[in-house]
**Student:** 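This is the structure I have questions about; it appears just below.
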Amino acid sequence: MTPDAKILSALRENSDGVSGAELAGQLRVTRAAIWSRIEELRALGYEIEAGPHFGYRLVGEPDALHADDLLARLGKTKTIGRDIRVFEQTTSTNDVVEKLARDGVREGVVVFAESQTRGRGRLGRKWLSPARKGLWFSILLRPNLRPQETTQLTVASAVALRRAIASETGLSVGIKWPNDVLVAGKKAAGILTEMSAELDKVRYATLGIGIDVNLGAADFPSELRKLATSLRIEAGAPVSRAALATAILRELDRVYSDICAGKFSAIADEWEEHCATIGNNVAVQIGDRKIRGRAESLDNDGALLLRTEHGRLEPIFGGDVTIER
Ligand code: BT5
């Protein structure tokens, strides 16, 4: 943990205040050094009171993402989030992570951007990413998976997002195969898994996640308003992005270690339980091909098993699903 992260953790643990001497002891630095770190944190928007009786006290936090703060909130994880970087603006956080991957950075690094100028969805579609309104981030993974098994990562991420969003907001959250998280039947988050692979082995995967946290209705262009929503709109109150980000990274770390331990089937069961797709008649558009059938379950790779009109069971690895009623 960095010094700032340690100071923020200590301040959060001691809401009545913690003395400069105590902080200096914990961090093994001088009280003057603590004072200068506190000044830096104040400049970032942390409201820290100082007084002779209580020492330092955290009374307000900025609505900005700060890597040290996220690290402090997250604590120790196995893989995901042991390194966190926050950019004010990027083209796409997936681009940043891809560059880190090519530079040989180890897996688990998470890159957030307050806004993206070229946020993307699948097939080059645009992803709306207004400043400070959402969580736009990507994670570098180096899983020991075959290329066709990377759908497992998308499925597991949807499960992790569902768990964390439900527990942080109390909202009822659904999943639509393969990469949508739904609230009140509308899209509130999307996942974009990209990879670099050899024939039978994944070199690295970039897991990109976009969550509409505090967007208001006016932040969505009219064509998206019918399809998309934000957690704030549905919960009726703003949601702390830092708290939500931490809860998500913790759940992602859990499901990722399950996948690495070969325990995908338990995740698939949880996914099916919350999935709006399974059990319905659906149409899947794959390029210019459309397949209709009944979505029956997930297979071991995370593919959707579709019982087609001809009675065959067909595994679907990608595409756009619409539920037909
Ligand atoms: C996705 O694609 O749902 C994947 C979205 C992944 C975004 C993250 S943000 C961090 C990382 N960096 C990136 O550049 N991307 C990832 P897809 O299933 O293709 O859905 C795209 C469609 O969703 C668009 O064509 C719009 O209709 C709709 N859409 C665009 N922006 C949206 C938003 N903010 N919220 C809800 N729907 C949106």
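Note that ligands are numbered from 1 as they come in the structure, with each ligand's atoms numbered from 1 the same way. Owing to the predicted nature of the structure, the values given are computational and were not obtained by experimental measurement.
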**Student:** Is any side-chain heavy atom of Glu114 less than 4.5 Å from a side-chain heavy atom of Leu65?
**Tutor:**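 When only atoms from C-beta onward are counted, Leu65 and Glu114 do touch, with a gap below 4.5 Å.
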**Student:** Find out whether the Lys NZ or Arg CZ of Arg42 is both under 6.0 angstrom from the six-membered ring centre of Tyr46 and within 45° of the ring's axis.
**Tutor:** no
**Student:** Ignoring hydrogens and geometry beyond distance, is a side-chain donor-acceptor pair present between Thr206 and Glu98 at under 3.5 Å?
**Tutor:**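 No, Glu98 and Thr206 have no side-chain donor paired with an acceptor closer than 3.5 Å.
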**Student:** Go through ligand 1 atom by atom and flag the ones less than 4.0 Å from a non-hydrogen atom of Ser138.
**Tutor:**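 Here the atoms of ligand 1 in question are 11 (C).
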**Student:** Please list the nearest protein heavy atom to atom 11 (C) of ligand 1 with its residue and the distance rounded to 0.1 Å.
**Tutor:** Thr93 OG1, 3.3 Å
**Student:** Of all the non-hydrogen atoms in the protein, which one sits nearest to atom 20 (O) of ligand 1, and at what distance?
**Tutor:**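 Here the closest protein heavy atom is Lys187 NZ, 3.1 Å.
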**Student:** Can you figure out which of Val321, Asn179, Thr193, Ile211 has its heavy atom closest to atom 1 (C) of ligand 1?
**Tutor:** Asn179
**Student:** So which heavy atom in the protein is nearest atom 15 (N) of ligand 1, and how far is it from that ligand atom?
**Tutor:**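 For atom 15 (N) of ligand 1, the nearest protein heavy atom is Arg120 O, 2.9 Å.
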**Student:** Check this for me - ligand 1, Arg122, N or O atoms closer than 3.5 angstrom, yes or no?
**Tutor:** yes
**Student:** When you measure from atom 35 (N) of ligand 1 to every protein heavy atom, which one gives the shortest distance, and what is it?
**Tutor:**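 Protein heavy atom at minimum distance: Asp212 OD2, 2.6 Å.
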**Student:** How far is atom 25 (O) of ligand 1 from its nearest protein heavy atom, and which residue and atom is that?
**Tutor:** Arg125 CD, 3.4 Å
**Student:** Please, which pairs that meet salt bridge (charged side-chain N to carboxylate O under 4.0 Å, His left out) have at least one residue in residues 146-159, sequence neighbours excluded?
**Tutor:** Arg146-Glu149, Arg146-Asp301
**Student:** Could you identify the single nearest non-hydrogen protein atom to atom 38 (C) of ligand 1 and state the distance to 0.1 Å?
**Tutor:** Trp127 CZ3, 3.4 Å
**Student:** Where the side chain of Arg82 meets the backbone of Glu107, is there a donor-acceptor pair that is under 3.5 Å apart?
**Tutor:** yes
**Student:** Rounded at 0.5 Å granularity, tell me how far NZ in Lys6 sits from CG in Leu8.
**Tutor:**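 Answer for the NZ-CG pair, Lys6 versus Leu8, is 12.5 Å.
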**Student:** Any side-chain heavy-atom pair from Glu272 and Ile278 closer than 4.5 angstrom?
**Tutor:** yes
**Student:** With a cutoff of 4.0 Å, is Gly119 in contact with ligand 1, counting heavy atoms of the residue only?
**Tutor:**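 Within the 4.0 Å threshold, so yes.
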**Student:** Could you verify whether a donor N or O on one side chain and an acceptor N or O on the other, from Asp320 and Gln285, lie under 3.5 Å apart?
**Tutor:** no
**Student:** Can you list the atoms of ligand 1 that are under 4.0 Å from a heavy atom of Ala228?
**Tutor:**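 Once the distances to Ala228 are compared, the set is 36 (C), 37 (N).
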**Student:** Can you sort out which atoms of ligand 1 are near Gly210, meaning under 4.0 Å from one of its heavy atoms?
**Tutor:** 7 (C), 8 (C), 9 (S)
**Student:** Show every salt bridge (charged side-chain N to carboxylate O under 4.0 Å, His left out) that has at least one partner inside residues 211-223, sequence neighbours left out.
**Tutor:**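 Qualifying pairs: Lys133-Asp219.
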**Student:** Identify the closest protein heavy atom to atom 12 (N) of ligand 1: which residue and atom is it, and at what distance?
**Tutor:**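 Answer for atom 12 (N) of ligand 1: Gln116 OE1, 2.9 Å.
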**Student:** Heavy-atom distances under 4.0 Å decide this one: backbone, side chain, both or neither, for Ile191 against ligand 1?
**Tutor:** backbone
**Student:** Note the single closest protein heavy atom to atom 28 (C) of ligand 1, along with its residue, its atom name and the distance in Å.
**Tutor:**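 In this structure, atom 28 (C) of ligand 1 has Leu224 CD2, 3.5 Å as its nearest protein heavy atom.
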